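Quick note on labels: first sequence line is chain A, next is B, and so on, each numbered from 1. Given the structure is predicted, the values throughout are model-derived calculations rather than measurements.
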There are 2 protein chains.
Amino acid sequence: MASSWGISRSMAEVHALLYLSDETLNTDDMMSRLDISRGSASMTLRSLLDWGVISRVHRRGDRKEYFSAEQDVWKLFRTILRERKKREIEPLLDELLICRDLSAMLNPGRKKRKLDPEAARLKALNDRLDNMIEFVEMINSVSNHLMNSSGKGLELAVKLISKAS
Amino acid sequence: MASSWGISRSMAEVHALLYLSDETLNTDDMMSRLDISRGSASMTLRSLLDWGVISRVHRRGDRKEYFSAEQDVWKLFRTILRERKKREIEPLLDELLICRDLSAMLNPGRKKRKLDPEAARLKALNDRLDNMIEFVEMINSVSNHLMNSSGKGLELAVKLISKAS
DNA sequence: GCTGATTTTCAATTCTTTTTGAAAATATTT
DNA sequence: AAATATTTTCAAAAAGAATTGAAAATCAGC
């Protein structure tokens with residue numbers, strides 16, 4: 001799955017290992033269980049921390065750092081959604097709005113009587129950009145709702161969709 | 001966006017060009033507009049056809065093949081959803097079910113009185129697998145509904161979610 | 001079935017991303 | 001603050017993915 005989600009193989013593996021593990025694990029555990037280097041383990045754990053899907057755990061009487069993964073799949077879902085919105089949807093929307101501004105600038109003012117073909121082309125381009133923007137804004141809005149609804153609210157929302165076939 | 005969606009840059013560019021273009025375009029158009037090789041254009045167009053987001057158009061009196069992109073963003077959304085379900089969700093679910101079978105096999109039969117720690121570990125592993133499977137099955141089910149609902153039904157469903165905050 | 005136009009294929013190459021490993025930095029204990 | 005344990009960093013190496021270009025395959029009309 002890793003590659004189609006845009007994360008590296010070791011990130012997926014480390015997370016899976018932590019998610020399925022009962023105990024917290026330290027860097028050396030990852031290295032031996034998954035056969036990866038110390039550097040790789042360190043960077044991978046850091047990325048997972050940045051995504052907010054794992055957390056550090058300190059054990060008294062032990063200098064090493066241990067890690068554990070979020071166990072609630074709904075919470076995990078919301079965390080990933082929040083992060084993808086920030087990293088993907090919002091920047092995309094920003095770019096699209098810039099494009100629309102550019103395109104609107106080129107577009108001739110309110111309707112000329114005889115619609116010359118070039119104006120029509122620009123109008124069509126504008127419309128397509130608008131459709132795409134409207135769609136991404138909708139995705140953005142749904143993300144907001146799913147992301148903030150509580151675990152139960154989320155499951156409910158999802159059941160609503162299932163009903164509205 | 002391309003990399004975080006697991007498609008190549010040229011695929012994204014070719015699709016964007018076709019989506020925003022008024023006219024249908026042929027391979028040579030792609031090559032000159034996007035400055036890519038013939039081979040690359042050919043493979044990229046093929047992938048987009050496989051995804052079902054563009055289609056071939058034959059013009060009478062012209063031997064070249066032309067292409068056009070789906071213009072309806074909701075339809076595009078459903079097409080991509082259908083394809084991702086097939087390529088990602090279903091294979092993932094298959095793997096997860098295999099994992100659960102394996103895990104269930106290792107798991108000791110109905111409750112021993114004194115729960116030895118090893119059995120508890122296995123039980124916990126099983127539960128986590130089950131949670132994940134349940135979640136992916138839910139995603140699968142939502143995909144089915146979104147994918148099959150008509151354009152209007154989809155927009156409606158999405159508005160339902162927005163309401164159920 | 002021949003000819004010329006067009007598209008596809010794929011080994012070699014280029015470009016990108018990921019991983020390694022050892023040095024540097026940081027933290028902990030005595 | 002020295003000694004030791006642990007984590008982080010990052011240049012270099014390896015692995016992986018995308019692209020090229022030219023040969024091979026396909027196709028359309030004669």
Atom pair distance, as rounded to whole Å: [atom1] in [X] and [atom2] in [N]:
| X | N | atom1 | atom2 | answer |
| --- | --- | --- | --- | --- |
| B:Leu45 | D:dA18 | CG | P | 16 Å |
| B:Arg56 | C:dT8 | CZ | C1' | 10 Å |
| B:His58 | D:dA28 | NE2 | C1' | 12 Å |
| B:Arg46 | C:dT6 | CZ | P | 20 Å |
| B:Met31 | D:dT19 | CE | P | 14 Å |
| A:Arg59 | C:dT28 | CZ | C1' | 18 Å |
| A:Met30 | D:dT7 | CE | C1' | 14 Å |
| B:Asn26 | C:dT8 | CG | P | 12 Å |

Checklist entry - Between CG of B:Asp50 and CD1 of B:Ile54, what distance do you get to the nearest 0.5 Å? => result 9.5 Å
Checklist outcome for this item: Rounded to the nearest 0.5 angstrom, the CH2-CD1 distance for B:Trp51 and B:Ile80 is 7.0 Å
Item to check | Step-by-step side chain to side chain contact (heavy atoms under 4.5 Å, CB included) determination, B:Met132 to B:Leu129 | outcome: CA-CA 5 Å; B:Met132 185 57 79; B:Leu129 273 173; 5.6 Å; no
Checklist entry - Is the shortest distance from a Lys or Arg side-chain nitrogen in A:Arg128 or B:Asp22 to a carboxylate oxygen in the other one below 4.0 Å? => result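 The answer is yes: the pair qualifies as a salt bridge.
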Close N/O contacts between protein and nucleotides 17-19 of chain C (under 3.5 Å):
unit_1: C:dT19; atom_1: OP1; unit_2: A:Ser10; atom_2: OG; d: 2.6
unit_1: C:dT19; atom_1: OP2; unit_2: A:Ser10; atom_2: OG; d: 2.8

Checklist entry - Pick the nucleotide of DNA chain C nearest each of B:Tyr66 and A:Arg63; which residue has the one closer to the 5' end? => result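 Closest to the 5' end, via its nearest nucleotide, is B:Tyr66.
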Checklist entry - Do the side chain of A:Ser42 and the main chain of A:Arg38 share a donor and acceptor less than 3.5 angstrom apart? => result no
Next on the checklist: So A:Arg38, base contact, sugar-phosphate only, or nothing? Heavy-atom distance under 4.0 Å.
Outcome noted: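 Contact class for A:Arg38: base.
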Next on the checklist: Quick check: on DNA chain D, is the nucleotide nearest A:Glu65 upstream (toward 5') of the one nearest B:Asp35, or the reverse? Name the residue that is more 5'.
Outcome noted: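 Its nearest nucleotide being more 5', the pick is A:Glu65.
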Next on the checklist: Are B:Val14 and B:Leu49 connected into the same hydrophobic cluster when the rule is that any two of I, L, V, M, F, W, Y join if their side-chain heavy atoms are below 4.5 Å apart?
Outcome noted: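 Yes: a chain of side-chain contacts under 4.5 Å links B:Leu49 to B:Val14.
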Item to check | pair A:Thr27-A:Lys64: side-chain heavy atoms closer than 4.5 Å | outcome: no
